[in-house]
Trainee: 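Below: one structure in structure tokens.
Values below: all heavy atoms of this structure, side chains included; hydrogens, waters and symmetry mates excluded. Throughout, numbering of the chain's residues begins at 1 and tracks the sequence.
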Amino acid sequence: MLSLVPVPASVERRPGSFLIDGRTSIAVDAGSPALNDVGRFLASRLRESTGYPLPLDTVLKGGKGAPAHVIVLTLDPSSSAGKAEAYTLDVTKGGIRITAGDAAGAFYALQTLFQLLPPEFGHGSPVYGVAWEVSCVRIEDAPRFPWRGMHLDVGRHFFGKKFVEEYIDLISHYKFNVFHWHLTEDQGWRIEIKKYPRLTTVGSWRKETLGDGQPHGGFYTQDDVREVVGYARERFVTVVPEIEMPGHSTAALAAYPELSCTGGPFDVQTKWRVFDDVYCAGNEKTFEFLEDVLTEVMELFPGRYIHIGGDECPKTRWKVCPRCQARIKAEGLAGEHELQSYFIRRIEKFLNARGKRLVGWDEILEGGLPPNATVMSWRGVEGGIAAATSGHDVVMTPTSNCYFDYCQGLTGEPEPVGSYLPLDRVYSYEPVPPGLTEAQARHILGAQGNVWTESIPGPRKAEYMSFPRACAMSEVVWSPREKRNFGDFSSRMAGQYARLVERGVNVRIPPPSGFEGYPVLFHDTTVTIESQVPGSVVRYTTDGADPTEGSPLVSGPLHLRASATLKARTFLPAGGSSPVPRGIYSVLDPEENGLAFTILPRRISAGSRADTVRGISYRMSLDGLPLGHDSVTVRLDSYFTVKEEGDYLFTIAQGDPVTLSVDGSPAVTNRGENWWDIPSGLFHLSVGAHAISVSVAAAGPAPWMDMQVSGPGIELQPVPPSMLRRRR
Ligand code: ACM
Ligand code: ZN
């Protein structure tokens, strides 16, 4: 099968194939410099991999007069491929013809052509003397959305220019056309501004990260930025710079504390949080500064859009700042939310007057949206719906489907494992919310995957978190809705994993399924482990070690008769393997083991009996409980049995507020605000049984909570059911 991602609108296979070899040449329409650049891009890519020089000729419009055995690139705005970014790719035995509406369309035809070549193509060093086979096919294709974005936060961790370019090259291969470059943060300012040198001499470095004692920093010079923007332009990617305001700005305030409400002093932040110190909205100098910064930014980024952040701005300082309060009075504003709106409107006016459009996170809706702003809906889809309904453009990027910093599996993933966003949930995302009229739906420009980097210290992990989820997102934003099917996508991805591995990208290979978690059994059980990647093999262990190339193959259902830690790993034929999830299978005593669960509705009205559900479970988790209500309180009660005295650490990953009590006293609580806060408590426990209770205030459609423990002789793992004894 053809493993094309994103799946094209129409693919028609034909018999035979075309061979790229020493006779092949490239021809482009005369009189189109943009198309000529695409032709040169093709020649250079083919030369890198095949070693063939592939001469580039210009020919008459429509490819007339082209020689035999040629790859022709031609523009035809009047054809069916005549729309922006659309193309037709015709591969016959005699040649390849690309017809596109514009140069971008021709570029996307090349990305499809590259995926028709073997995986060895495009990994850097040439393979000489080979004829490269391309199956005959006719493909007609066009994007569904005009904004197909991937984001990278270079504020929390700095990523060098070389990686940024590699990232842009990768996303352009999957037909993304926006790179959202999150350039300023509390933890680092990353772009040189000539008028304010302290932004980078002071603001680009922090003392340490979460107490590690290691200074961290870096920034892009204006020359670096120009180079990245030029590199992106060659790949039809628009770079949207983000300069955060009024919040997330401690790095700038560390450099220029006079722009804050209090005057500082400040250090560039070393922890992940939302911080109270923000730009003073009452100080004219703040606006002078930001306009100067934006003036330099606008010169560097030729695109239409400038992102100004606008998210997570606490009003703590503004509430007590005389200058901010004076501004509220002078402008007749109804409080601090309208002051934020005043701030953003003022910046919008400045940008609009210079031909630029403002983009901001959905908080810019609060206190009134600036007239021409584009909204990035991240806290859900409500902000996007509100903006589209009032006639504003929207880019959808809700945490539920688009936050690629969230973990991809429940076990075996690199720490920290906070919120969960598996590949199929990205794939199933539909950017146009139901209920919009056709006219309102046209304001949904597209969607975007966001890569926040609090827990992504460098390129290897950034690749791991971005791929393959970016591939799933590419079909969400490019492919016709009716062509999307997760099973079909998974099959096509097998070819993409081979390509990405060949290229050296640290792509996450999906691990096998069917055994993850901590199942309990009372006698024995049969486990069916399944690969998620066609053509791969799965190897397993039962002793807790990670499977290697030498571990036994899964060749059918496994029969377990005793407690075991089951680990399994997918291995690709081309090299590369998956992370290692685990299932901890426990043989239990049905009379002794377990915990009591109680499920109460959250609201109990006077005079009505509470509809309480009780039962026995075996896991310190909400998995498999008959929750049934939208909003419930769940209590789990058990005895934790300790065979060896020592320090035991309990950690609770949760999406909802939770309390743990040990031996009767509340010990660990969390209100479930930040995904990266995994509440934990350390207890010195003597030999014997200790009462533990967990209470979860579960709200929403998919509540979750998982408690893990480590202690003497126990590495961190879900609380083993064999250590839980029923209360009597
Ligand atoms: C965001 O995630 N604070 C936009
Ligand atoms: Zn102020």
Trainee: Give, for atom CD of Glu430 and atom CG of Asn401, the distance between the pair rounded to the nearest 0.5 Å.
Mentor: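 Reported value, rounded in 0.5 Å steps: 10.5 Å.
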Trainee: Salt bridge between Arg484 and Glu475, side-chain N to carboxylate O under 4.0 Å?
Mentor: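 Not counted as a salt bridge, because no side-chain N and carboxylate O are separated by less than 4.0 Å.
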Trainee: What about Phe163 and Phe158, are their ring centers closer than 6.0 Å?
Mentor: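 Not close enough - the centres of the two rings lie 6.0 Å or further apart.
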Trainee: Testing the 3.5 Å rule here: is there a donor-acceptor pair between the side chains of Asp224 and Thr221?
Mentor: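 Checked: Asp224/Thr221 side chains pair up, N/O donor to acceptor below 3.5 Å.
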Trainee: To the closest 0.5 Å, what do you measure between CD1 (Ile71) and CG (Leu73)?
Mentor: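 Atom-to-atom, Ile71:CD1 and Leu73:CG are 8.0 Å apart.
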Trainee: Would you call Ser135 and Val91 a side-chain contact if the rule is heavy atoms closer than 4.5 Å?
Mentor: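 In short, these two side chains do not touch, never coming nearer than 4.5 Å.
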Trainee: Provide the closest heavy-atom pair for Pro146 versus Asn177 in the form atom of the first, atom of the second, distance.
Mentor: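 Between these two residues, the closest heavy atoms are O-ND2, 2.9 Å.
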Trainee: Check for a donor-acceptor pair, side chain of Asp102 on one end and backbone N or O of Glu85 on the other, with a separation under 3.5 Å.
Mentor: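 A pair under 3.5 Å: yes.
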Trainee: Apply side-chain contact (heavy atoms from CB on, under 4.5 Å) to residues Ile96 and Thr24 and explain how you reach the verdict.
Mentor: CA-CA 10 Å; Ile96 296 178; Thr24 311; over 6 Å; no
Trainee: Testing Val451, Asn450, Ile168, Leu183 for side chain to side chain contact (heavy atoms under 4.5 Å, CB included) with Leu152, which one passes?
Mentor: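 Going through the options one by one, the only one that passes is Val451.
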Trainee: Tell me if a side-chain donor or acceptor on Arg190 pairs with a main-chain N or O of Ser204 at a distance below 3.5 Å.
Mentor: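 Side chain of Arg190 to backbone of Ser204, a donor-acceptor pair under 3.5 Å: yes, one is there.
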Trainee: Could Glu166 and Arg503 be called an ion pair, given the rule that one side-chain N must be under 4.0 Å from one carboxylate O?
Mentor: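 Arg503 and Glu166: salt-bridged.
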Trainee: Starting at CZ of Phe121, measure out to CZ of Phe114 and round the result to the nearest 0.5 Å.
Mentor: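 Phe121 atom CZ to Phe114 atom CZ measures 5.0 Å (nearest 0.5 Å).
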Trainee: Answer with yes or no after comparing the ring centroid distance for Tyr52 and Trp132 against a 6.0 Å cut-off, counting only values under it.
Mentor: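 Judged by ring-centre distance (under 6.0 Å), Tyr52 and Trp132 do not meet the cut-off.
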Trainee: On a heavy-atom basis, which atom in Pro534 and which in Ala494 lie closest, and how many Å separate them?
Mentor: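 Shortest heavy-atom contact: O-CB, 3.7 Å.
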Trainee: Could you go step by step and tell me if Leu170 and Leu500 meet the side-chain contact (heavy atoms from CB on, under 4.5 Å) rule?
Mentor: CA-CA 9 Å; Leu170 275 169; Leu500 289 164; 3.8 Å; yes
Trainee: Is the backbone of Glu244 close enough, under 3.5 Å, to the side chain of Thr184 for a donor and an acceptor to pair up by distance?
Mentor: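 Checking the backbone N and O of Glu244 against the side chain of Thr184, a donor-acceptor pair under 3.5 Å is found.
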Trainee: Would Trp361 and His180 count as a close aromatic pair, with their ring centres under 6.0 Å?
Mentor: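 Between His180 and Trp361, which both carry aromatic rings, the centre distance is below 6.0 Å.
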Trainee: Drop me the distance from Ile584's CD1 to Thr411's OG1, to the nearest 0.5 angstrom.
Mentor: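 Result: 8.0 Å between the selected atoms.
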Trainee: Using a 4.5 Å cut-off on heavy atoms from C-beta on, say whether the side chain of Arg138 contacts that of Thr88.
Mentor: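 Side-chain contact under 4.5 Å: yes.
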Trainee: Once side chain to side chain contact (heavy atoms under 4.5 Å, CB included) is applied, do any residues pair with Pro457, and if so which ones, sequence neighbours excluded?
Mentor: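 Testing Pro457 for side chain to side chain contact (heavy atoms under 4.5 Å, CB included), a comparison that skips the adjacent residues, returns His157, Lys461.
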Trainee: Indicate, with yes or no, if the rings of His151 and Trp452 have centres closer together than 6.0 Å.
Mentor: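 Ring centres of Trp452 and His151 closer than 6.0 Å.
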Trainee: Can you name the nearest heavy-atom pair linking Asp405 to Met465, along with the distance?
Mentor: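 Residues Asp405 and Met465, closest heavy atoms: O-CE, 3.3 Å.
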Trainee: Search all heavy atoms of Pro511 against all heavy atoms of Thr570 and return the closest pair with its distance.
Mentor: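 Smallest interatomic distance, heavy atoms only, reads C-OG1, 3.8 Å.
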Trainee: If we ignore hydrogens and angles and just use 3.5 Å, is the side chain of Arg235 paired with the main-chain N or O of Asp169 as donor and acceptor?
Mentor: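 Not a single qualifying donor-acceptor pair exists.
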Trainee: If you compare all heavy atoms of Gly446 against all heavy atoms of Pro431, which two are closest, and at what distance to 0.1 Å?
Mentor: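 For Gly446 and Pro431, the tightest heavy-atom pair comes out as O-CB, 4.5 Å.
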Trainee: With sequence neighbours excluded, what pairs up with Arg499 under the side-chain hydrogen bond (donor to acceptor under 3.5 Å, both in side chains) test?
Mentor: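 Arg499 satisfies side-chain hydrogen bond (donor to acceptor under 3.5 Å, both in side chains) with no other residue.
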Trainee: Testing the basics here: between Pro6 and Lys175, what is the closest heavy-atom pair and its distance to 0.1 Å?
Mentor: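 So the two residues come closest at CG-CD, 4.0 Å.
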Trainee: Between Thr541 and Arg569, is any pair of side-chain heavy atoms under 4.5 Å apart?
Mentor: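 With C-beta onward as the side chain, the pair stays apart.
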Trainee: Do the side chain of Arg206 and the main chain of Asp186 share a donor and acceptor less than 3.5 angstrom apart?
Mentor: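 Pair absent, no side-chain N/O of Arg206 close to backbone of Asp186.
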Trainee: Arg582 vs Lys567, test: side-chain contact (heavy atoms from CB on, under 4.5 Å). Steps then yes/no.
Mentor: CA-CA 5 Å; Arg582 67 184 169 194; Lys567 287 187 168 183; 3.8 Å; yes
Trainee: Calculate, to the nearest 0.5 Å, the distance between atoms CD and CD belonging to Glu165 and Glu234 respectively.
Mentor: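 CD of Glu234 is found 9.5 Å from CD of Glu165.
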Trainee: Would you find a donor on one side and an acceptor on the other, under 3.5 Å apart, between the side chain of Ser377 and the backbone of Gly380?
Mentor: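 Answer holds: yes.
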Trainee: Does the side chain of Pro143 come within less than 4.5 Å of Tyr108's, by heavy atoms?
Mentor: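 Contact flag for Tyr108/Pro143 side chains = no.
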Trainee: Determine, for Arg14 against Asp90, whether the closest basic-nitrogen to carboxylate-oxygen distance falls under 4.0 angstrom.
Mentor: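 Salt bridge between Arg14 and Asp90, a charged N being under 4.0 Å from a carboxylate O: yes.
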Trainee: Going by distance alone, is a donor N or O of one side chain under 3.5 Å from an acceptor N or O of the other, for Lys483 and Ser10?
Mentor: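 Absent: no donor and acceptor within the cut-off.
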Trainee: Does Gln187 reach the main-chain N or O of Lys271 with its side chain, forming a donor-acceptor pair under 3.5 Å?
Mentor: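 It does hold such a pair.
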Trainee: Between Tyr464 and Glu413, is any side-chain donor less than 3.5 angstrom from a side-chain acceptor?
Mentor: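 Judged by distance alone, the side chains do pair up.
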Trainee: So Val507 and Glu463, do their side chains get closer than 4.5 Å, heavy atoms only?
Mentor: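 Result no, sub-4.5 Å side-chain heavy-atom pair not found.
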Trainee: Pick out which of Phe179, Phe176, Tyr305 makes a ring-ring contact (aromatic ring centres under 6.0 Å, His included) with Trp147.
Mentor: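 Answer after filtering Phe179, Phe176, Tyr305: Tyr305.
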Trainee: Using a 4.5 Å cut-off on heavy atoms from C-beta on, say whether the side chain of Ser710 contacts that of Gln708.
Mentor: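 Of all side-chain heavy-atom pairs linking Ser710 with Gln708, none is under 4.5 Å.
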Trainee: Mind checking whether Tyr585 and Phe515 have ring centres under 6.0 Å apart?
Mentor: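 Between Phe515 and Tyr585, which both carry aromatic rings, the centre distance is not below 6.0 Å.
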Trainee: Are side-chain heavy atoms of Arg508 and Pro579 found at a separation under 4.5 Å?
Mentor: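 Yes, side chains in contact.
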Trainee: How about Ser536 and Tyr497: does a side-chain donor come under 3.5 Å of a side-chain acceptor?
Mentor: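 Not at all, the side chains of Ser536 and Tyr497 share no donor-acceptor pair under 3.5 Å.
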Trainee: Would you mind reporting whether Tyr174 and Gln496 have side-chain heavy atoms less than 4.5 Å apart?
Mentor: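 Gln496 vs Tyr174: side chains touch.
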Trainee: Applying ring-ring contact (aromatic ring centres under 6.0 Å, His included) between Tyr220 and each of Trp189, Phe159, Trp181, report the one that passes.
Mentor: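 The residue from Trp189, Phe159, Trp181 that satisfies ring-ring contact (aromatic ring centres under 6.0 Å, His included) with Tyr220 turns out to be Trp181.
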Trainee: Going through the distances and angles, do Thr209 and Trp272 end up as a side-chain contact (heavy atoms from CB on, under 4.5 Å)?
Mentor: CA-CA 9 Å; Thr209 307; Trp272 320 130; 3.5 Å; yes
Trainee: Quick one: CG on Leu117 to CD on Glu133, what's the gap to the nearest 0.5 Å?
Mentor: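 If I round to the nearest 0.5 Å, the distance is 10.0 Å.
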Trainee: Just by distance, do the side chain of Arg492 and the backbone of Val5 share a donor-acceptor pair under 3.5 Å?
Mentor: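 Checked: no pair found.
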